[in-house]
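Remember, it's 1-based here, ligands and their atoms both numbered in the order they're listed. All residue numbers in this chain count up from 1 along the given sequence.
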Amino acid sequence: MEENTADVVIVGGGPVGTGLAIELGQRGIRTVLVERYPTPQQVPKGQNLTQRSVEHFHAWGIEKELRAARTVPKEYGIGGLTAYGTLTGDYHYDWLQRELVRPYYFTDNERLPQYRTEEVLRERVKTLPSVEVLYGWTGEDVQQDEDGVTVTLACRDGVGERRLRSAYAVGCDGSRSVIREKAGITQTQSDHDRLMVLLVFRSTGLHELLKRFPGKSFYNVLHPDLKGYWQFFGRVDLGNTWFFHAPVPPGTTRDNFDFSGYLHRAVGAEFDIEFEHVGFWDLRIATADSYRKGRIFIAGDAAHSHPPYGGYGINTGFEDARNLGWKLAARLQGWGGDSLLDSYDEERRPVFVSTARDFIEKSIESDRAFLENFDPARDRVAFEAEWKARGSGARAEVNAFSPNYRGSPIVCGKKGDSVSAVGTHEYRAVAGCHLAPQLQSDGRNIFECLSSGFTLVAYDGDDVVLKEFAAAAEQMGVPLDIALDDGGKAQDNYEARYILVRPDHFITWASEEPPLSARRILAQATGSSQ
Ligand SMILES: Cc1cc2nc3c(=O)[nH]c(=O)nc-3n(C[C@H](O)[C@H](O)[C@H](O)COP(=O)(O)OP(=O)(O)OC[C@H]3O[C@@H](n4cnc5c(N)ncnc54)[C@H](O)[C@@H]3O)c2cc1C
């Protein structure tokens with residue numbers, strides 16, 4: 001029998017599905033979250049959380065809890081390092097220094113195993129009365145008609161089936177998504193034809209060896225034999241547990257390969273190893289050809305999957321959740337148009353395509369070209385000059401990764417712009433970009449003045465303009481708060497007197513001048529007809 005359960009059914013309660021459930025639950029949307037496993041899987045992936053991801057945790061009320069769940073003490077640092085040849089060899093530089101872009105976000109970045117992050121999310125979702133969580137159930141099918149969707153679930157212990165009826169369904173069920181497949185959403189894949197191994201192991205000897213790199217938690221070893229594919233080490237805790245991923249020959253199994261020898265060669269020294277986990281995956285990049293099919297959406301790894309190069313996976317997935325959550329809520333609460341839901345695909349898919357092309361694939365290609373063209377045994381001087389240049393290039397990469405929705409149909413920006421993961425970090429308020437933090441004249445950070453709906457930030461704003469916005473929002477039912485301030489340094493840095501900030505803290509519209517029509521701006525921002 002069909003149960004008329006919810007507004008939104010989410011299949012997959014990993015980090016992205018649970019994040020989306022929190023986003024919806026905080027907005028009072030009746031949500032059912034379906035997850036097959038009663039506890040998070042103990043694989044230490046998805047460790048690197050950007051400053052932006054921690055902003056989501058702040059918005060979900062669990063930043064403090066996230067930081068408390070960290071497994072490497074804060075004093076130790078969470079930096080990265082790239083080495084050449086072996087990890088303990090002569091050449092290395094700092095890598096992925098996210099602290100370089102810290103001033104442009106409200107919160108610090110963080111690093112912890114994904115299962116700890118998931119535990120924090122699971123605790124939070126329990127507290128939201130409008131969210132029901134069904135652990136131990138597997139989504140098997142999804143069907144849609146004009147009025148809604150039906151999601152069929154099977155109990156994992158083999159006894160029982162349920163059919164949930166809702167207005168929308170979202171597949172957050174990982175890279176092998178059943179929901180994506182049942183919805184008929186195809187994927188485009190770029191296959192690198194590489195088998196990768198993921199090892200989790202204990203070693204105090206490796207901790208001793210790497211004391212030479214204080215404050216580092218992840219290490220990437222480039223080796224000419226591997227043609228740009230990485231040998232990647234990461235701390236799971238301080239002093240004991242590690243993970244490692246790297247290419248292995250086709251046909252490698254748990255039993256036919258010397259993993260200890262591989263680790264020793266990558267480090268360039270012998271050390272104790274006690275394996276906890278050996279797993280394999282194929283290195284490929286897959287992007288769904290659409291993130292929406294009618295009433296069915298996909299998010300996180302269900303929509304995009306790729307090798308963990310640069311730590312983009314979980315961060316991109318959280319941003320999907322934050323983007324989709326307010327839009328579904330707006331539609332269900334009657335203040336968002338249907339094209340607002342289309343904008344989820346129009347904003348998030350090009351960001352991933354750009355992330356894959358301009359950062360992930362590019363890093364493999366550029367490492368490959370470097371390893372082919374430079375070798376300290378052949379020409380030490382040329383190698384060292386290029387190695388130094390790469391060290392500064394690693395800084396530029398962190399700055400350039402700034403996903404933005406310039407050119408999105410729901411952003412009132414410049415014509416001809418396009419949505420991309422490539423951008424810059426700056427204080428200037430630019431339509432389509434993430435709002436940078438600034439101190440207001442009362443000493444609060446602007447992020448402490450933003451509401452869960454839209455916020456119009458106005459520096460010494462004209463009364464007529466403010467009234468026009470307030471009246472238009474009221475007529476259209478759009479939740480809008482106005483954050484008034486005297487201006488000064490913040491206004492100078494933003495280079496704007498008026499900034500309309502979306503519920504996900506991206507900028508819809510920014511201007512020094514009053515708008516021609518506040519109503520038109522709000523209509524565009526919410527995908528509504530005027
Ligand atoms: C070795 C490794 C290291 C990584 N390191 C990083 C990193 O440093 N930074 C980073 O950003 N990303 C990293 N990633 C990627 C990151 O782990 C993923 O992007 C992230 O897990 C995606 O989250 P998700 O919720 O979309 O999918 P998943 O984590 O796959 O979660 C999907 C959930 O859905 C459930 N599920 C699946 N099918 C069903 C079904 N039919 N019914 C009910 N439940 C279902 C699963 O049990 C699971 O809980 C790494 C990945 C690997 C493999």
Fill in: Ala299, any N or O under 3.5 Å of ligand 1 N or O
no

Fill in: Passing option when Leu164 is tested against Val142, Val11, Leu134, Thr152 for side-chain contact (heavy atoms from CB on, under 4.5 Å)
Leu134

Practice prompt. Return the residue, atom name and 0.1 Å-rounded distance of the protein heavy atom closest to atom 9 (N) of ligand 1.
Written response: Gly311 CA, 3.2 Å

Worksheet item: Has the side chain of Asp345 got a donor or acceptor atom that lies under 3.5 Å from a matching backbone atom of Tyr291?
Response: yes

Worksheet item: Which distance, rounded to the nearest 0.5 Å, do you find between the CD of Glu35 and the CD of Glu118?
Response: 7.5 Å

Discussion item. What I'd like to find out is whether the side chain of Ile298 reaches to under 4.5 Å of the side chain of Val170, using heavy atoms alone.
Written reply: no

Fill in: Nearest-neighbour protein heavy atom for atom 48 (C) of ligand 1, which is reported as residue plus atom name and distance
Glu35 OE1, 3.4 Å

Item to complete: Using a cut-off of 6.0 Å, state whether more than 12 heavy atoms not belonging to Asp193 lie near its atom CG.
Response: no

Discussion item. I need the nearest protein heavy-atom contact for atom 25 (O) of ligand 1: residue, atom name and distance, please.
Written reply: Val16 N, 3.1 Å

Worksheet item: Which residue holds the protein heavy atom closest to atom 18 (C) of ligand 1, what is that atom called, and what is the gap in Å?
Response: Asp301 OD2, 3.4 Å

Practice prompt. Considering the heavy atoms of Gly14, write down every atom of ligand 1 situated less than 4.0 Å from one of them.
Written response: 25 (O), 31 (O), 33 (C), 49 (O)

Item to complete: Check Gln187 against Ala286 and note the closest heavy-atom contact, atom names and distance.
Response: OE1-CB, 3.2 Å

Worksheet item: In the protein, what heavy atom is nearest to atom 13 (C) of ligand 1, and what distance, to one decimal place, separates them?
Response: Gly46 CA, 3.3 Å

Worksheet item: Any nitrogen or oxygen of Arg36, main chain or side chain, under 3.5 Å from a nitrogen or oxygen of ligand 1?
Response: yes

Worksheet item: Counting from 1, what ligand 1 atoms have a heavy atom of Gly12 closer than 4.0 Å?
Response: 34 (O), 35 (C), 44 (N)

Discussion item. Would Arg162 and Trp137 count as a cation-pi pair here, with the cationic atom under 6.0 angstrom from the ring centre and within 45° of the axis?
Written reply: yes

Practice prompt. Say whether Leu198, considering both its backbone and side-chain N or O atoms, lies within less than 3.5 Å of an N or O atom on ligand 1.
Written response: no

Worksheet item: Counting from 1, what ligand 1 atoms have a heavy atom of Trp137 closer than 4.0 Å?
Response: 43 (C)

Worksheet entry | Closest to atom 8 (O) of ligand 1 (judged by heavy-atom distance), picking from Gln47, His245, His304, Met196 | Gln47

Worksheet, complete the sentence: Among non-hydrogen protein atoms, atom 29 (O) of ligand 1 lies closest to Gln114 NE2, 3.4 Å

Worksheet item: Has ligand 1 got any nitrogen or oxygen that is less than 3.5 angstrom from a nitrogen or oxygen of Trp281?
Response: no

Worksheet entry | Heavy atom of Phe243, distance to ligand 1 below 4.0 Å | no

Discussion item. Looking at every non-hydrogen atom in both residues, tell me the closest pair between Cys433 and Arg406 and how far apart they are.
Written reply: SG-CD, 3.8 Å

Worksheet entry | Test item: Thr50 side-chain N/O and Ser53 main-chain N/O as donor-acceptor pair under 3.5 Å | yes

Discussion item. Heavy-atom distances under 4.0 Å decide this one: backbone, side chain, both or neither, for Pro308 against ligand 1?
Written reply: side chain

Discussion item. Below the 3.5 angstrom mark, is there an N/O of Val11, backbone or side chain, next to an N/O of ligand 1?
Written reply: no

Worksheet entry | Ligand-residue contact atoms, ligand 1 with Thr138, heavy atoms, under 4.0 Å | 40 (C), 41 (N), 42 (N), 43 (C)

Worksheet entry | Contact summary for Tyr135 and Pro38, nearest pair of heavy atoms | CB-CA, 4.1 Å

Worksheet item: With a cut-off of 4.0 Å, which atoms of ligand 1 are near a heavy atom of Gly313?
Response: 10 (C), 11 (O), 12 (N), 19 (O)

Practice prompt. Provide the number and element of each atom of ligand 1 under 4.0 Å from a heavy atom of Pro15.
Written response: 23 (O), 25 (O), 29 (O)

Worksheet item: What atoms of ligand 1 come within less than 4.0 Å of a heavy atom belonging to Tyr37?
Response: 47 (O)

Practice prompt. Report the part of Cys172 (side chain from C-beta onward, or backbone N, CA, C, O) that has a heavy atom under 4.0 Å from ligand 1; answer both or neither where that applies.
Written response: backbone

Discussion item. Other residues, nucleotides and ligands only: do more than 12 of their heavy atoms fall within 6.0 Å of CZ on Arg212?
Written reply: yes

Worksheet item: Can you list the atoms of ligand 1 that are under 4.0 Å from a heavy atom of Gly300?
Response: 26 (O)

Worksheet item: Which protein non-hydrogen atom lies closest to atom 41 (N) of ligand 1, naming both residue and atom, and how far is it?
Response: Gly139 O, 3.0 Å

Worksheet item: Quick one: CD on Gln144 to OG1 on Thr150, what's the gap to the nearest 0.5 Å?
Response: 10.0 Å

Worksheet item: Does the side chain of Ser452 pick up a donor-acceptor pair with the side chain of Gln26 at under 3.5 Å?
Response: no

Fill in: Closest protein heavy atom to atom 51 (C) of ligand 1, given as residue, atom name and distance to 0.1 Å
Lys45 CB, 3.6 Å

Worksheet item: Could Arg292 and Tyr344 be counted as a cation-pi pair, given that NZ or CZ must be under 6.0 Å from the ring centre and within 45° of the axis?
Response: no

